[in-house]
Number of protein chains: 2
Amino acid sequence: MKCVSEKSEDKIREAAKRVFLKKGFDGTTSRDIAKEADMNIALTNYYFRSKEKLFMEIFKDLMEMYFQSIILILNKPIDIKTKISEVVENNYQMMKQEPDLVIFIMNEIHKEPERLLVKTALYHQLKSTLFNQQLDEGIETGKLRPIRIESILPLMTSCIEFLFLGKEMHQKIFNMSDEEFEAFSESHKDHVKAMICNYLILED
Amino acid sequence: MKCVSEKSEDKIREAAKRVFLKKGFDGTTSRDIAKEADMNIALTNYYFRSKEKLFMEIFKDLMEMYFQSIILILNKPIDIKTKISEVVENNYQMMKQEPDLVIFIMNEIHKEPERLLVKTALYHQLKSTLFNQQLDEGIETGKLRPIRIESILPLMTSCIEFLFLGKEMHQKIFNMSDEEFEAFSESHKDHVKAMICNYLILED
DNA sequence: GAATATTTTAAACGATTGTTTAAAATATTC
DNA sequence: GAATATTTTAAACAATCGTTTAAAATATTC
């Protein structure tokens with residue numbers, strides 16, 4: 001009977017997520033996962049049919065998590081300046097919580113672009129957000145600088161994500177402890193918010 | 001006699017660089033390298049003592065290339081606005097020429113942070129650039145926004161590098177061909193230049 | 001509680017990994 | 001041009017990879 005402990009399938013899934021995030025698909029072995037989950041190695045193929053299948057299940061979840069929250073904010077009924085701040089803030093919190101997420105996603109897509117089967121829905125989903133509408137309107141009335149959504153979206157995420165993507169590098173180069181990095185990234189985040197708003201918004 | 005063809009050692013090194021950049025350390029096998037170089041597999045260990053040694057030699061070169069050019073620009077005797085433009089432009093050209101470079105470096109450091117043995121010299125090297133001097137002076141005289149070099153440096157690189165880091169992702173999401181991506185990244189680059197200057201420089 | 005279904009186990013599968021060997025081929029030396 | 005040194009080769013090494021097997025342990029059904 002398994003009342004207290006979680007089901008084996010979930011235990012493996014969670015363990016696999018931790019290991020994949022840390023070491024990537026190529027760097028992770030089935031035995032790594034079994035060891036992290038403290039289970040017999042045969043069980044990874046008993047519950048999931050293969051390492052690849054297990055990976056794809058986790059990868060899809062993480063991609064969802066990565067895009068879902070930002071789209072939610074882009075559709076909020078708030079002014080564009082607040083919205084930009086919220087997107088950056090959300091991005092920062094996500095990176096703080098899961099610093100390995102972006103390097104993991106980027107790397108796996110880079111090595112196997114077919115993995116990004118995200119239905120083209122994502123494009124239309126982004127294009128049809130309230131944010132995009134606000135952007136068009138602001139540009140029309142001269143309140144916002146003419147800039148495509150393809151440019152403004154990466155701007156809102158790249159500065160923060162890049163910091164965490166190269167967390168180890170930045171810490172080593174600038175000789176920062178974990179605490180110092182956190183303080184630094186916090187102040188960096190505020191610069192990013194202000195910088196993007198300054199550039200995009202032509203009059204208040 | 002080897003008059004025309006390059007020496008075997010260099011042939012292997014160049015082949016290994018191509019494969020490592022594309023597939024990373026974990027994803028690359030010794031046989032991949034041998035095949036790319038069109039040489040017997042035993043030669044990779046004959047010239048370089050192991051896959052790891054061969055990798056580290058290439059990795060060090062690429063890291064040098066990655067940092068060297070930016071430091072050169074940071075020390076140029078030009079005004080800070082032109083300098084920012086040049087750093088971004090240089091970064092953009094480097095990414096265009098070798099789109100796999102940043103994801104490769106970030107990923108390998110992420111998986112094995114000890115690989116970044118870059119002497120702490122790099123920190124002092126960055127801190128003692130003319131750019132840093134100009135930054136301090138500009139802040140002192142109120143011409144520049146108070147911002148640490150630790151923040152302004154990543155700002156100048158992250159926006160461009162992130163675009164290429166997630167090249168496959170951005171192309172798929174926004175449904176861009178290679179040509180469209182090039183045009184897009186070019187315009188994005190100009191936005192980045194203007195945005196950073198706008199934010200940093202308080203009066204002209 | 002015997003019969004059935006499900007889960008877990010240890011052990012092994014063939015394939016591939018990085019690396020080494022020892023002989024063959026080629027280049028260099030004197 | 002024989003002797004020596006260097007480079008290249010095919011073959012094999014033990015270790016590890018993802019995966020499978022068939023039996024043991026446990027849970028469920030009636």
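Residue numbers start from 1 in every chain, and the chains themselves are labelled A, B, ... in the order their sequence lines are given, proteins ahead of strands.
Classified by interplanar angle (parallel below 30°, tilted 30° to 60°, perpendicular above 60°), the ring pair B/F174/B/F184 is tilted.
Each salt bridge (Lys or Arg N to Asp or Glu O under 4.0 Å) pair with one or both residues in residues 69-80 of chain A, not counting sequence neighbours, appears once here: A/K76-A/E86. Each side-chain hydrogen bond (donor to acceptor under 3.5 Å, both in side chains) pair with one or both residues in residues 184-193 of chain B, not counting sequence neighbours, appears once here: A/S151-B/H188, A/Y199-B/H191, B/E89-B/K189, B/E89-B/K193, B/Y92-B/S185, B/Y92-B/E186, B/E186-B/K189. Each side-chain hydrogen bond (donor to acceptor under 3.5 Å, both in side chains) pair with one or both residues in residues 26-43 of chain A, not counting sequence neighbours, appears once here: A/R18-A/E36, A/K23-A/D32, A/D26-A/K111, A/T29-A/D32. Pairs passing the salt bridge (Lys or Arg N to Asp or Glu O under 4.0 Å) check and including a residue from residues 125-137 of chain B, sequence neighbours excluded, read B/K127-B/E150.
For B/A34, the side-chain contact (heavy atoms from CB on, under 4.5 Å) criterion is met by B/I41, not counting sequence neighbours. A search for side-chain contact (heavy atoms from CB on, under 4.5 Å) contacts involving A/S158 returns B/C159, B/F162, not counting sequence neighbours. B/S128 meets the side-chain contact (heavy atoms from CB on, under 4.5 Å) test with no other residue; sequence neighbours excluded. Every residue two or more places apart in sequence or in another chain that forms a side-chain contact (heavy atoms from CB on, under 4.5 Å) with A/Q133 is listed here: A/L130.
Counting heavy atoms from C-beta on, the side chains of A/H124 and B/N175 never come closer than 4.5 Å.
Atom CD in B/E9 sits roughly 14 Å away from atom P in D/dT6 (whole-Å rounding). Here the P atom of nucleotide C/dT19 and the CG atom of B/D32 are 14 Å apart, to the nearest Å. Remark: C1' of C/dT6 and CE of A/M39 are 14 Å apart, rounded to the nearest angstrom. Remark: P of C/dA10 and NZ of A/K35 are 15 Å apart, rounded to the nearest angstrom. Whole-Å rounding puts the A/N40 CG to C/dA12 P distance at 14 Å. Residue A/D10 contributes atom CG, which lies 15 Å from atom C1' of C/dT7 at whole-angstrom precision.
At a non-hydrogen distance threshold of 4.0 Å, A/A42, A/L43, A/Y46, A/Y47 from residues 41-56 of chain A come into contact with DNA chain C. Taken residue by residue, residues 17-31 of chain B places heavy atoms nearer than 4.0 Å to DNA chain C at B/T28, B/T29, B/S30, B/R31.
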Output field dot_bracket for DNA chain D (Watson-Crick or G-U, both distances under 3.5 Å, | for other-strand pairs) contains ||||||||||||||||||||||||||||||

Residues 94-102 of chain B, side-chain donor-acceptor partners within the protein, below 3.5 Å, at least two apart:
| residue | atom | partner | partner atom | Å |
| --- | --- | --- | --- | --- |
| B/K96 | NZ | B/E182 | OE2 | 3.2 |
| B/D100 | OD2 | B/K22 | NZ | 2.9 |

